[in-house]
Undergrad: 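Would you mind keeping the following structure in view while I ask a few things?
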Amino acid sequence: VLDAWESLLSRAGGTRIDLPTLLATVREKARLLLRRGARDGALAVLERAIRLAPGHPLVIADYLDVAELAGRADAIAQLV
């Protein structure tokens with residue numbers, strides 16, 4: 001369901017994309033992946049969110065938390 005919603009929001013075309021809604025969807029998707037133990041998948045989803053909103057503090061915090069859990073110092077270093 002989240003994949004379909006994210007796809008719909010991303011394909012808004014000429015209309016204005018509701019960035020807060022899209023980011024909330026992507027963050028929730030990452031949380032669900034993390035709960036299922038898919039740390040790398042959660043990190044990939046959050047990387048996509050960072051490309052959408054590079055300076056968003058909640059996305060950055062989520063990304064750093066997941067990168068730390070995944071033991072991905074390289075991912076943390078990319079952000080610094």
Side-chain angles (χ1 to χ4, degrees):
V1 172
L2 287 177
D3 286 337
W5 180 245
E6 181 183 353
S7 177
L8 179 66
L9 288 172
S10 296
R11 291 181 310 192
T15 62
R16 186 172 166 263
I17 296 174
D18 185 15
L19 188 59
T21 303
L22 181 58
L23 290 177
T25 302
V26 170
R27 291 179 65 228
E28 182 61 24
K29 185 176 177 180
R31 276 192 288 273
L32 291 171
L33 286 168
L34 191 58
R35 274 191 228 144
R36 301 191 102 209
R39 292 177 178 160
D40 289 333
L43 196 58
V45 167
L46 291 168
E47 285 173 352
R48 189 168 56 235
I50 286 175
R51 286 192 299 272
L52 292 171
H56 196 282
L58 294 176
V59 174
I60 291 171
D62 287 350
Y63 180 85
L64 292 173
D65 288 345
V66 172
E68 183 179 11
L69 287 172
R72 296 278 310 273
D74 60 314
I76 294 170
Q78 285 178 354
L79 222 55
V80 177

Undergrad: Would you please test Arg72 and Asp40 for side-chain contact (heavy atoms from CB on, under 4.5 Å) and show each step?
TA: CA-CA 9 Å; Arg72 296 278 310 273; Asp40 289 333; 3.8 Å; yes
Undergrad: For the CG atom of Leu58 and the CG atom of Leu46, what is their distance to the nearest 0.5 Å?
TA: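 Leu58 atom CG to Leu46 atom CG measures 11.0 Å (nearest 0.5 Å).
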Undergrad: Go through the steps for Lys29 and Leu32 under the test side-chain contact (heavy atoms from CB on, under 4.5 Å), then give the verdict.
TA: CA-CA 5 Å; Lys29 185 176 177 180; Leu32 291 171; 5.7 Å; no
Undergrad: Does any N or O in the side chain of Arg39 come within less than 3.5 Å of the main-chain N or O of Leu69, such that one atom is a donor and the other an acceptor?
TA: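 Indeed, once roles are kept as given, a pair shorter than 3.5 Å links the two residues.
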Undergrad: Which heavy atom of Ala42 sits nearest to which heavy atom of Val66, and what is that distance?
TA: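 Closest approach of Ala42 to Val66, heavy atoms only: CB-CG1, 4.0 Å.
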Undergrad: Could you tell me which residues satisfy side chain to side chain donor-acceptor pair (under 3.5 Å) with Arg27, sequence neighbours excluded, listed by chain and number?
TA: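 Applying side chain to side chain donor-acceptor pair (under 3.5 Å) to Arg27 gives Asp62.
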Undergrad: Over all heavy atoms of both residues, which pair between Ala49 and Val26 is shortest? Give the atoms and the distance, please.
TA: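 Smallest interatomic distance, heavy atoms only, reads CB-CG1, 3.5 Å.
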Undergrad: If I take atom CG from residue Leu43 and atom CD from residue Glu68, how far apart are they, to the nearest 0.5 angstrom?
TA: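 Answer for the CG-CD pair, Leu43 versus Glu68, is 12.0 Å.
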Undergrad: Got a second to check how far Leu23's CG is from Glu28's CD, nearest 0.5 Å?
TA: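 With rounding to 0.5 Å, CG (Leu23) is 13.5 Å from CD (Glu28).
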